[in-house]
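A short write-up of the structure that comes next.
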Amino acid sequence: MTSMLMHSLRSGPVSPARFGKSPVHTKKTLAKPNVKNIVLVDGVRTPFLLSGTSYSDLMPHDLGRGALQGLLNRTGVPKEIVDHIIYGIVIQEVKTSNVAREVGATGTSVQPSDSLPASIVCVCVFFVSCVCRSAAVGLIAAGQCDVVVAGGVEFMSDVPIRHSRKMRKTMLSLNKAKTLGQRLSLLGSIRMGHLMPELPAVAEFSTAESMGHSADRLAAAFGVTRVEQDEYALRSHRLAKKAQDEGLLSDIISFQVPGKNIISADNGIRPTSMEQMGKLKPAFVKPHGTVTAANSSFLTDGASAVLIMSEEKALALGYKPKAYLRDFVYVSQDPKDQLLLGPTYATPKVLEKSGLTMEDIDVFEFHEAFAGQIVANLKAMDSDWFAQNCMGRKSKVGVPPMEKFNTWGGSLSLGHPFAATGCRLVTTVAHRLQKEGGQYGVVAACAAGGQVFLPKYTYAQLARADTEYSRGATVQVFLVHSFGLFSVHVLCMKMTMCKSVQKHF
């Protein structure tokens, strides 16, 4: 998966050279000689809402269209210069086989003609918008495009529910039956078991285990208590509420639900108390698990979109980009035991690739799938033992300072529409860097599935956000994403890794 930062400030083209001498306290640039600069101009998202609430009567492309139109309205990009739309979804609506085309073709000012292709990314990765953006970067780097719109949408209010395999086979056979007798015979073969539907699940196909089970086992392996998880989740909600009240979530664009009110804010931010959170029962491993609805990210509806250009094109059009995309690294782990440990493995790789250390980073944004997953990663990153025995490193990665970590909330509080979260993460990093005057930022995210044919495929992403364009200081952003690689394992409630890990943590 991939991600990036962008922002468009529509004034005359500005070059770093116009500032004369460089600022005294800027860190090194990550620009590479003879490599085209790719900039992230801007990013927006619809409000993220709990599934089954105000968006419940819509379809995925409605939300995607809202995000795309919001991006175009904010940037004012002429539709004639958009070369490609790349848009994704994880749980696909069967009626819209190419959601990217539907998003672009239905009721937006982009209104693609025959000359504007739209591609869909529909894979089992919870950061499809990141994959879309990496594809967009590839198109620009290869010289195929100069202006690409990328993003993702997820709509959990109306997920596809299938008939059972037996029922589907019977219905297909009925369609082929030529005589009344054949049809009656097939209808007579239907039993109660045929009527049992197949419900979608946030689970690994190879392990048949849900992410919640994986998070619960991971928390147990690293000795993460229920109290630690609840405390972190409460922190996320309180920080998100603070950011919301202070108007810091500026990537949100209002969305008009037909026949209803205009939606302008996320509705999943609910700061409560440790006492209230402590009353909830385990959601996955019952009765002794520690992962609950309160310390997990919730099912969410939402969409996001970003505008990506070559730097030359952006400056020629008068934009002030927020970010340069520089590099990326994928990291894959065993989906059974290390599905959610991607940030621990990916972060040092991307830092070493750029010649930086944890101390150089000013802003950290990690995806919060579960509070237990976050705390487990922080413990792993702060452990010399884990680095030496599990990562082949001489010393620990280092734990991010909490005063730099997810200070505007995260997926636990803001929501997690699978395919749209990547855009939110990187846009947040860009905005935080500008607000806090930072230079480097790291985004990390774990996700499911992907790249089944590659035994070891790495990817994490470096981006550089330059506020030289707006205030003379250099801002650089690193985006780090990782995902678990599918492999075949037998479902087991004990981690094969956790015996040795539990002895240490």
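In what follows, residues are counted from 1 in the order of the sequence shown.
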Would you say Phe298 and Ser51 make side-chain contact, with heavy atoms under 4.5 Å? no
Hey, are the side chains of Phe155 and Glu93 touching, using non-hydrogen atoms and a 4.5 Å cut-off? no
Please determine, by modelled atom types, if Asp266 and Gln244 share a side-chain donor-acceptor pair under 3.5 angstrom. no
Please say which of Glu365, Arg235, Arg432 ends up in a side chain to side chain donor-acceptor pair (under 3.5 Å) with Thr407. Arg432
Tell me if a side-chain donor or acceptor on Thr75 pairs with a main-chain N or O of Leu71 at a distance below 3.5 Å. yes
Would Lys336 and Glu209 satisfy salt bridge (charged side-chain N to carboxylate O under 4.0 Å, His left out), going step by step from the backbone distance to the final call? CA-CA 8 Å; Lys336 178 177 174 59; Glu209 183 178 55; 5.4 Å; no
Separation between OG of Ser297 and CG of Leu412, rounded to the nearest 0.5 Å: 6.0 Å
I'd like to know if the side chain of Asp83 and the backbone of Asp146 have a donor-acceptor N/O pair within less than 3.5 Å. yes
Can any side-chain N or O of Asn73 pair as donor or acceptor with the backbone N or O of Gln69 at less than 3.5 Å? yes
Rounded distance (nearest 0.5 Å) linking atom CG of Leu218 with atom CG of Asp337: 9.0 Å
Any side-chain donor paired with an acceptor under 3.5 Å for His416 and Thr300? no
On a heavy-atom basis, the closest approach of Gly143 and Lys36 is CA-NZ, 4.0 Å
Just checking, any donor-acceptor pair under 3.5 angstrom between side chains of Thr96 and His61? no
Donor-acceptor check, side chain of Asn406 to backbone of Gly409, threshold 3.5 angstrom: yes or no? no
Taking only residues two or more places apart in sequence, or in another chain, which ones meet Phe366 in a ring pair (Phe, Tyr, Trp, His ring centres under 6.0 Å)? Phe405
Under a 3.5 Å cutoff, is there a donor and acceptor pairing between the side chains of Glu102 and Tyr87? no
Between the side chains of Thr344 and Asn377, does any donor sit under 3.5 Å from an acceptor? yes
Counting only heavy atoms not in Lys242, do more than 12 fall under 6.0 Å of its NZ? no
Nearest 0.5 angstrom please: Phe48 CZ to Asp301 CG, how far? 10.5 Å
Is the closest basic N to carboxylate O distance between Glu352 and Arg393 below 4.0 Å? yes
Could you tell me whether a side-chain N or O of Asp158 sits under 3.5 Å from a main-chain N or O of Leu58, the two making a donor and an acceptor? no
Applying side chain to side chain donor-acceptor pair (under 3.5 Å), can you list everything that pairs with Ser413, at least two apart in sequence or on another chain? Ser236
Is Glu368 reaching over with its side chain to a backbone N or O of Phe370, donor-acceptor style, under 3.5 angstrom? no
Distance-only check: which donor-acceptor pairs under 3.5 Å involve side-chain atoms of residues 247-255, not counting sequence neighbours?
from: Ser250; atom 1: OG; to: His431; atom 2: ND1; distance (Å): 3.4
from: Asp251; atom 1: OD2; to: Arg45; atom 2: NE; distance (Å): 3.0
from: Ser254; atom 1: OG; to: Ser264; atom 2: OG; distance (Å): 2.9

Tell me if a side-chain donor or acceptor on Asp382 pairs with a main-chain N or O of Lys379 at a distance below 3.5 Å. no
Side-chain donor/acceptor of Lys404 to backbone N/O of Ile361, under 3.5 Å: yes
Just how far is it from atom CG of Leu49 to atom CG of Asn267, taken to the nearest 0.5 Å? 4.5 Å
I'd like to know if Arg65 pairs up with Asp62 as an ion pair, taking the criterion as any Lys NZ or Arg NE/NH1/NH2 lying under 4.0 Å from an Asp or Glu carboxylate oxygen. yes
Any donor-acceptor pair under 3.5 Å linking the side-chain atoms of Glu312 with those of Ser310? no
Side-chain donor/acceptor of Gln373 to backbone N/O of Ala369, under 3.5 Å: yes
When you measure from the side chain of Glu154 to the backbone N and O of Ala419, does any donor-acceptor pair fall under 3.5 Å? yes
